[in-house]
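Some notes on the structure that comes next.
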Amino acid sequence: MLELGFFYLFAGLAVVAALGVITARNPVHSVMWLIFCFFNAAGLFFLLDAEFIGILLILVYVGAVMVLFMFVVMMLHVNLAALREGFLRYLPLGGAIAAALLAEIVAAGFSGVFTRVPNPGHSGGQVNNTVEIGKVLYTKYLLGFEVAAVILLVALVGAVVLTIRKRKDAKYQNIARQVAVKPSERLRKVRM
Amino acid sequence: MSWLDVAKTGGLWALEVLAIAVPVALSVAYITYMERRIIGWMQVRKGCNRVGPAGLLQPIADGIKLFLKETIIPTAANKFLFVAAPVMSLLPVLVAFAVVPFGETTLFGLWKTAHVMAISNLNVGVLYVMAISSLGIYGILMAGWASNSKYAFLGAMRATCQMVSYEISMGFAIVSVLMLAGSLNLAEIVHAQQGGFWHWYLIPLFPMFLVYFISGVAETNRSPFDLTEGESEIVAGFFVEYSGMWFATFSLAEYAAMILISLMTSIMFLGGWDAPLPFLDFIPGTVWLLGKTAFLIFVFIWFRATFPRYRYDQLMRLGWKVFLPVTLVWIAVIGAAIYTPGLSEVIGFWRPGGGS
């Protein structure tokens, strides 16, 4: 009963938060709502005993990605009026996609897919999520894992290449030289 | 499960939470006292010694003073976020304490097996602490943005860059601990180090210990990395507009984060509740853990009294160009050592079930 209560709490708050994201007048408020939404999604993962995925959701999305989001939103002055103009224009398209998704989920629910899968129940503390995911990730899905790593590396190098630029007239410190400097190079004894 | 059971469970949870939150709040109060006395001692002056015997009531007096002061909300501030920001910076730190194991107890022989003294002994404890403590950033960001002040905004920007960069090297330092302990569970990590100080991860992972602790200092925005509040340039940084109790909440969060980092360092590198020499086991483990934590908090204060503040580019250089490569290399060293025939026996000494 407690678990069901928590499910409705997290799910309901997630829906409220998602609505908040698109209705908030202030972009910073929107980002805050999105963070709240991620939290509730993580809560749902915890209820499924998938604590590793839940924690990763918070660590990666809330702890890192949303911070950068927030950074950009705070640095740029987003023109809200211009953003709102497109709202009605794109409403039919967005509405159609939402309706199609809803229809699919309802159809899947009635087709009996979910009832055919046996209820896994709670494994409790017996199964260690992290260990199991690690075992599968480094054996069965090793190739996919490494391809993802290479793609990330390419993105990393790309970001460096795009942003690195050196101004000729700027003065740079050479820290190693600063540290290696000796008193004899800077100090001159004068006989008075 | 009836409503009575729900109420019982809820009441028990509330008691567990209070058993952590109240001591943390009290320690924060007395760490401020400790800080003022120690810095006074290091600077050859007295420190606070007027209120109560040896100034021991000073934190109480300060608390009452801050509590009674008016909270001023700037006219141009975003009211809701301005008020919510201090809470958002305090909450994650307190929530992170939920998985910290304070020792093991059989409750004076009442239980058959030793239970870990933590609200929740999570399997992913280390990740949980990392995830939750990285959320403290939002309090600072929101404080800086909602104040609608240039100084506050600059302070928040600096804090964010700093915390995001140092989190990475901190994460890699933790990875090296996990490679030896083979578990994300904080109690398991302590178990893997039991049996005297030569089993502690301080020895095989000494560079990682330094990186983790110094990153922890940067993460909590403490001196010498406190340029988020650099008073010579940006007055007081992100909390420049705050006063009274809301201002105090920020310091509460900072000191609680200090305690958390010290606890985590003791648990991951200094053997947690393990006695340094096996014959000292008669002293309860919790005393050892809190003693190690107290020493690390002293080191925090020692840093503050010793080092001048870093410049912003030096700070970034240290995080990205020194700590990050060092951690990556050390992970490779440990990884290679585990799978090299001759070395695996040596490194196996620190691994549970590996080597002799």
Side-chain angles (χ1 to χ4, degrees), chain A residues 1-6 24-29 31-32 34-36 38-39 42 45-46 49-75 123-134 160 171-176 178-179, chain B residues 1-3 5-7 9-10 13 78 80-81 84-85 88 92 95 99 120-138 140-142 144-146 148 153 156-157 159-161 163-165 167-168 171 178 182-185 188 311 313-314 317-318 320-322:
Chain A
M1 191 179 69
L2 206 58
E3 196 187 329
L4 198 66
F6 271 117
R25 301 198 147 269
N26 191 322
V28 174
H29 289 182
V31 177
M32 293 309 286
L34 192 53
I35 291 164
F36 191 50
F38 279 138
F39 260 107
F45 277 124
F46 287 134
D49 279 349
E51 70 256 10
F52 186 71
I53 302 177
I55 294 271
L56 276 198
L57 188 69
I58 294 181
L59 187 66
V60 176
Y61 282 91
V62 182
V65 175
M66 292 317 286
V67 172
L68 298 180
F69 247 73
M70 190 70 105
F71 224 74
V72 174
V73 167
M74 280 162 75
M75 294 288 244
S123 50
Q126 278 84 48
V127 178
N128 192 335
N129 252 284
T130 322
V131 173
E132 297 304 319
I133 289 176
V160 171
K171 286 177 180 157
Y172 287 98
Q173 278 180 305
N174 189 341
I175 307 263
Q178 277 186 331
V179 172
Chain B
M1 209 206 256
S2 73
W3 283 111
D5 288 331
V6 175
T9 320
W13 285 350
N78 183 319
F80 175 71
L81 285 179
M88 284 197 305
V95 170
V99 294
S120 169
N121 189 16
L122 271 191
N123 269 338
V124 286
V126 177
L127 271 184
Y128 173 88
V129 172
M130 276 222 64
I132 298 296
S133 57
S134 69
L135 303 177
I137 233 178
Y138 285 107
I140 292 174
L141 257 178
M142 283 301 97
W145 182 79
N148 208 350
F153 191 71
M157 286 290 140
T160 316
C161 285
M163 288 169 98
V164 169
S165 347
E167 220 160 65
I168 297 169
L178 303 182
S183 173
L184 285 166
N185 185 315
E188 292 299 318
R311 214 174 51 213
D313 59 315
Q314 293 172 331
R317 177 183 164 272
L318 186 69
W320 289 103
K321 293 189 180 170
V322 180

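Side chains are part of it too, since the values below use all heavy atoms of this structure and drop only hydrogens, waters and symmetry mates. Throughout, a chain's letter reflects where its sequence line sits, starting with A, and its residues are numbered from 1.
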Kindly write out the residues that satisfy side-chain contact (heavy atoms from CB on, under 4.5 Å) with Ala50(A), not counting sequence neighbours, or none if the list is empty.
Phe45(A), Ile53(A)
As an exercise, state the distance from CG of Leu127(B) to CG of Leu56(A), rounded to the nearest 0.5 Å.
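Result: 6.0 Å between the selected atoms.
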Once you round to the nearest 0.5 Å, how far does CG of Leu68(A) lie from OG1 of Thr160(B)?
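With rounding to 0.5 Å, CG (Leu68(A)) is 9.5 Å from OG1 (Thr160(B)).
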Describe, in one word, how the ring planes of His29(A) and Trp145(B) are oriented to each other, choosing from parallel (under 30°), tilted (30 to 60°) and perpendicular (over 60°).
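Plane angle over 60°, so perpendicular.
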Largest heavy-atom contact set with chain A, pairs under 4.5 Å, which of Met130(B), Met142(B), Glu167(B):
Met142(B)
Pairs of heavy atoms under 4.5 Å with chain B: top-ranked of Val67(A), Val60(A), Ile58(A):
Val67(A)
Bottom line for Ile35(A): the part with an atom under 4.5 Å from chain B's heavy atoms is side chain
Relative to chain B, which segment of Met32(A) carries a heavy atom at a distance below 4.5 Å: side chain, backbone, both, or neither?
side chain
Quick check on [X] against chain A: is it the side chain, the backbone, both or neither that has a heavy atom closer than 4.5 Å?
X         : value
Asp313(B) : side chain
Met157(B) : both
Leu141(B) : both
Phe80(B)  : neither
Leu184(B) : side chain

Within 6.0 Å of CZ in Phe38(A), more than 12 heavy atoms from elsewhere
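Yes.
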Do Met70(A) and Tyr138(B) have side-chain heavy atoms sitting under 4.5 Å apart?
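The answer is yes; the side chains approach within 4.5 Å.
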If you look at every heavy atom in Gly63(A) and Ser134(B), which pair is closest and at what distance?
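Reported closest heavy-atom pair: CA-OG, 3.7 Å.
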